[in-house]
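Values below: every heavy atom of this structure, side chains too, minus hydrogens, waters and symmetry copies.
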Amino acid sequence: MLDDFEMVAGVEVHTELWTKTKIFCGCTTEFGGEQNTHVCPVCLGLPGVLPVLNRQVVEYAIKTGLALNSEIAEFSKFDRKNYYYPDLPKNFQTSQYDLPICIGGHVEIEVDGVKKKVGITRAHMEEDAGKLVHSGATISTSDTSFVDYNRTGVPLLEIVSEPDLRSIDETVAYLEKLVQILEYIEVSDCKMEQGSVRFDINVSLRPIGSDKLGTRTETKNLNSFSSVRRCLEYEIERQAEVLREGGKVSQETRTWDEAKGITLSLRSKEEAHDYRYFPEPDLVPMLIDREWVERVRQTLPELPDARRLRLMGLGLSDYDAGVIINSKALAEFFDAALAQFNDAKTLVNWVTGDFLGTLKAKGLPVQLSPVNPEGLAELLNLVAKGTINGKIAKSVLEEMFATGKGAAQIVQDKGLVQISDEGAIAAIVTQVIEANPQSVADFKAGKERAIGFLVGQVMKASKGKANPGLVNKLLQEQLAQL
Amino acid sequence: MTLTELTAHELHDRLSRKETSAVEIARAFTQRIEAVEDSVQAYNLLTGERAMAQAEAIDAKLARGESIGALAGIPMALKDNMCTEGIPTTCSSKMLQNFVPPYNATVVERLAEAGSVVLGKLNMDEFAMGSSTENSAFKQTCNPWDLARVPGGSSGGAVASVAADEAVFSLGSDTGGSIRQPAAFCGVVGLKPTYGYVSRYGLIAFASSLDQIGPITKDVTDCALVMNTIAGHDPKDSTSAPVDTPDFTKYLVNDIKGLRVGIPQEYFGSGLEPEVAAVIKAAIAKLEELGAIVDECSMPHTEYAMPTYYLIAPAECSSNLARYDGVSYGYRTEGATDIINMFKKTRSEGFGPEVKRRIMLGTYALSSGYYDAYYLKALKVRTLIKQDFDRAFAKFDVLLSPTAPTAAFKFGEKSANPLAMYMSDICTVPANLAGIPAISVPCGFANGLPVGMHLMGKAFDEGTLLRASYTFEQNTEHHKAKPKLGVS
Ligand SMILES: [Zn+2]
């Protein structure tokens with residue numbers, strides 16, 4: 001970080017909404033179809049077509065607004081944003097200008113233990129553009145360019161933050177939190193590698209202690225947290241150098257070169273588009289009734305912050321709760337297992353330890369885990385009841401991952417039930433004492449460690465099934481009698 | 001009377017009584033078109049083979065003893081801005097000369113369900129911008145009453161085809177008078193329905209908040225019949241009104257006793273030709289004689305209608321026509337050097353001067369720094385104009401004016417002076433701004449040229465317009481006059 005300047009950043013997040021069909025027509029929003037197959041006259045913007053608003057888009061926008069603590073407008077409308085680009089079949093984008101659906105709001109973040117509310121300015125609905133494929137590097141250096149309209153008309157929600165972010169860590173924490181919320185409320189699949197979430201970063205610098213805003217630049221179309229981090233590292237250093245040399249940062253739109261790790265000027269303020277916004281005459285304004293908003297509010301799931309507090313209330317550490325809520329899938333797995341096995345602390349140790357470790361080793365997401373929450377709970381209940389011991393349980397879990405079989409089944413098939421019969425264990429203890437006179441002598445001579453070896457020998461002789469507590473107790477008793 | 005001179009309801013009666021067949025009717029129109037089209041030039045495209053197949057299908061239905069709808073087997077034609085699947089739809093523009101839509105406009109679907117026989121696509125001012133059809137990139141359509149004169153516009157071909165008996169009826173579109181002004185010039189009935197009554201889906205947009213499709217017919221009865229087919233809510237058009245449509249023929253009542261008719265003085269201004277004024281005066285007297293209560297009224301914001309219209313319509317057009325860029329359909333320039341150059345050359349070469357003029361006007365009106373002064377101001381004045389109508393309709397059932405201040409003018413007479421051309425729509429534009437229905441009905445002749453009586457009504461009150469028009473028609477002979485084609 002800089003020691004002479006403070007950064008001031010705000011972010012515009014474009015997220016594709018997870019509807020089945022596009023915002024103004026019935027075409028599928030599915031990613032990855034053959035070029036120009038998910039299209040119809042409406043999304044191709046053919047002469048004479050008219051848009052019809054997808055109600056689900058509005059509902060997802062409302063849901064997002066509620067999750068971001070926004071006010072949901074009672075009256076909202078669409079506007080046309082006019083500019084020429086070949087990925088935009090109508091040469092205007094149907095968007096929202098002065099009456100967006102979500103107004104205000106905030107997201108709480110935490111960086112180095114310090115909590116902070118990041119303001120949301122607004123969120124508005126719009127249609128996505130198509131995708132250009134050039135024969136060369138850019139449209140102006142290519143002989144030929146192709147356009148794929150499959151993405152044209154996929155619904156987007158643009159969420160604009162206030163310029164409240166003061167460090168790169170805060171910026172990334174805000175974006176991570178926002179994406180986490182979008183995932184939780186299931187309005188977006190948040191597949192960043194498919195461009196489901198894109199970020200435009202506005203950043204400026206000002207001397208530390210100053211409360212005047214500096215001139216900002218906007219870098220468009222970043223699509224990962226790491227790009228945002230690298231981009232900001234580069235951009236604030238670039239701006240700082242300009243300012244240190246007594247120069248002025250020029251207000252401009254920049255683009256991020258991922259390969260080179262630098263930002264490049266795209267167009268200056270003077271070259272900025274005049275979008276000539278005006279109300280979309282082909283759509284009627286929306287009157288969003290409060291009953292609808294309340295119905296949507298009822299569908300909101302428990303959000304990450306609330307979930308974290310609840311888990312901490314069950315005795316989980318801040319850190320463990322953070323690991324569990326980080327992904328909605330894991331949090332749901334945890335809750336489902338907890339429903340069948342109510343010792344949260346033991347459960348979290350297993351989930352964050354062996355369970356996640358095995359998934360990671362196999363490269364599987366939680367959703368594709370061969371062991372389901374009920375299965376894990378079944379295993380832990382066997383331990384709790386003393387049917388098997390903890391060490392055996394680890395090997396049973398491995399077996400469950402490998403075969404998909406249930407814990408009880410494996411325990412039964414392999415005869416892994418713990419031996420808690422004192423007579424049976426006492427017999428093994430007697431044999432082990434007889435077979436290891438040296439260790440017994442060592443123990444008698446005061447070498448406490450020798451008992452560990454003897455316990456190990458008893459466990460080995462019982463194929464790991466002996467109840468470790470009983471082994472310890474009986475060994476101590478017999479040694480004392482010698 | 002020959003078949004081609006009959007109205008839709010007369011032809012329907014003959015078809016139902018099996019005195020003729022749909023094929024015979026279609027053939028009669030094909031021959032009529034062959035005989036007069038060289039003089040009239042109404043059609044951009046004839047779809048004779050399809051028409052014949054549609055006619056045969058209706059005859060097959062009749063042969064099976066099935067009953068047919070009012071428009072079944074009736075030959076009609078479409079203004080060339082309504083999309084027809086597999087049939088070129090050009091807007092009379094070089095830009096769309098080779099554009100073949102992959103879908104049908106909703107009105108085209110409804111006519112197909114009704115069994116109408118589509119004869120072809122009709123010439124118009126390019127993208128419906130103009131008042132004489134001289135802005136067509138392809139041809140000049142002539143007024144059947146005087147081939148040296150314009151048919152009016154922008155639905156010039158749609159109106160001339162009906163006046164010349166080249167179609168029983170046609171569909172036009174009206175953004176500022178484009179159905180009514182040419183209907184007046186050619187002596188036929190033209191209705192602009194209430195905004196939202198007829199679906200715009202598949203109508204190639206000029207100005208979305210003003211455009212409306214409507215019928216052009218030989219009499220008022222046919223107008224009601226066509227409305228029965230084309231009006232009604234369409235889920236594909238978000239601006240289409242979610243209202244039930246009546247049977248419009250129930251308003252065909254020969255009685256206007258007690259009908260309150262307002263005469264807004266502002267529509268009788270300095271540009272009004274005395275001969276036209278005299279014809280309108282006689283029409284007013286006729287309505288009074290038939291029992292209407294006529295009184296003068298004032299609509300103070302009328303003078304702002306034209307400037308308001310020429311901000312709102314071009315603003316919307318500048319955005320609606322932005323899609324014609326040569327990328328994926330329509331005209332594309334040869335040998336562009338880069339993408340910006342391709343956009344510029346394609347649009348410079350593909351659009352005619354009037355379209356370019358309006359795109360520039362509209363782009364300017366929406367530009368940052370000018371938006372408030374022009375576009376936003378225009379929206380506010382539009383509200384004031386609507387309020388003028390609300391006040392007037394508190395006192396009157398219909399408002400009456402000339403449809404146009406002049407009768408049909410000569411080719412070239414106004415084409416060099418856009419402002420003079422624009423004034424031809426001075427009486428028709430306010431109804432578009434207010435979204436209300438308005439009809440032009442033949443009401444006499446000025447120097448041998450037809451004159452139209454313009455009636456404006458309350459939103460969704462087409463019924464009263466039809467009743468007044470029908471009563472006037474039943475008690476006059478104007479609509480029976482036919483142009484003597486070939487006599488210039
Ligand atoms: Zn589509």
Q. Taking the side chain as C-beta and beyond, is there a heavy-atom pair between B:Ile339 and A:Tyr85 under 4.5 Å?
A. no
**Q.** OH-CG distance between B:Tyr370 and A:Asp274, expressed to the nearest 0.5 angstrom
**A.** 10.5 Å
(Q) Within a 6.0 Å radius of atom NZ on A:Lys77, are there more than 12 heavy atoms belonging to other residues, nucleotides or ligands? (A) yes
(Q) If you count every heavy atom of other residues, nucleotides or ligands that lies below 6.0 Å from B:Lys356 atom NZ, does the total exceed 12? (A) yes
**Q.** Distance (rounded to the nearest 0.5 Å) between B:Asp237 CG and A:Leu283 CG
**A.** 10.0 Å
(Q) If you apply the rule side-chain contact (heavy atoms from CB on, under 4.5 Å), what do you find for B:Tyr103 with A:Val49, and how did you get there? (A) CA-CA 9 Å; B:Tyr103 76 103; A:Val49 297; 3.5 Å; yes
Q.
Within the structure provided, determine whether A:Leu46 and B:Pro101 are in side-chain contact (heavy-atom separation under 4.5 Å).
A. no
**Q.** Mutual orientation of the aromatic rings belonging to A:Phe278 and B:Tyr375 [parallel < 30°, tilted 30-60°, perpendicular > 60°]
**A.** perpendicular
Q. Run the side chain to side chain donor-acceptor pair (under 3.5 Å) check on B:Arg347 and A:Tyr84 step by step: do they pass?
A. CA-CA 12 Å; B:Arg347 292 169 66 78; A:Tyr84 281 82; 2.9 Å; yes
Q | Interface residue of largest heavy-atom contact number with chain B, from A:Asn82, A:Leu53, A:Val42, under 4.5 Å | A | A:Asn82
Q) Should we count CD of B:Glu349 as having more than 12 external heavy atoms under 6.0 Å? A) yes
Q: Answer with side chain, backbone, both or neither: which region of B:Asn320 has an atom nearer than 4.5 Å to a non-hydrogen atom of chain A?
A: both
Q. Which bit of B:Leu203 is near chain A, if near means a heavy-atom gap under 4.5 Å: side chain, backbone, both or neither?
A. backbone
Q. B:Leu376 versus chain A, heavy atoms under 4.5 Å apart: side chain, backbone, both or neither?
A. neither
Q. Given the options B:Ser318, B:Ala365, B:Ser367, which has more heavy-atom pairs under 4.5 Å with chain A than any of the others?
A. B:Ser367
**Q.** CG (B:Asp244) with more than 12 external heavy atoms under 6.0 Å
**A.** no
Q. Between B:Ala322 and A:Asn91, what is the shortest heavy-atom contact and its length?
A. O-ND2, 2.8 Å
Q: Would you mind telling me which of B:Lys236, B:Arg200, B:Met342, B:Met82 has the largest number of heavy-atom pairs within less than 4.5 Å of chain A?
A: B:Arg200
Q) Looking at A:Pro281, A:Pro47, A:Pro279, which one has more heavy-atom pairs under 4.5 Å with chain B than the rest? A) A:Pro47
Q: Measure the OH-OG distance between A:Tyr275 and B:Ser368 for me, rounded to the nearest 0.5 Å.
A: 12.5 Å
Q. Do B:Thr363 and A:Arg276 have side chains that get closer than 4.5 Å, going by heavy atoms?
A. yes
Q) Which distance, rounded to the nearest 0.5 Å, do you find between the CG of B:Leu321 and the NZ of A:Lys90? A) 14.5 Å
Q) If you count the non-hydrogen atoms of other residues, nucleotides and ligands that lie under 6.0 Å from CD in A:Glu34, is the total more than 12? A) no
**Q.** A:Asp143 CG: over 12 foreign heavy atoms closer than 6.0 Å
**A.** no
**Q.** Engaged part of A:Pro41 at the chain B interface, taking heavy atoms whose separation is under 4.5 Å
**A.** side chain
Q | Stepwise side-chain contact (heavy atoms from CB on, under 4.5 Å) test for B:Tyr371 and A:Tyr277 | A | CA-CA 9 Å; B:Tyr371 180 90; A:Tyr277 281 101; over 6 Å; no
Q.
Does B:Lys377 have more than 12 heavy atoms from other residues, nucleotides or ligands lying within 6.0 Å of its NZ?
A. no
Q. What pair of heavy atoms forms the shortest contact from B:Glu316 to A:Arg80, and how long is it?
A. O-NH1, 4.2 Å
Q) How about A:Val147 and B:Ser328: do any of their side-chain heavy atoms sit closer than 4.5 Å? A) no
Q: Can you establish whether the number of heavy atoms outside B:Phe99 located under 6.0 Å from its atom CZ is more than 12?
A: yes
Q. About how many Å separate OH of B:Tyr329 and CG of A:Leu44, when rounded to the nearest 0.5 Å?
A. 9.0 Å
(Q) I need the A:Leu50 CG to B:Thr239 OG1 distance, nearest 0.5 Å. (A) 6.5 Å
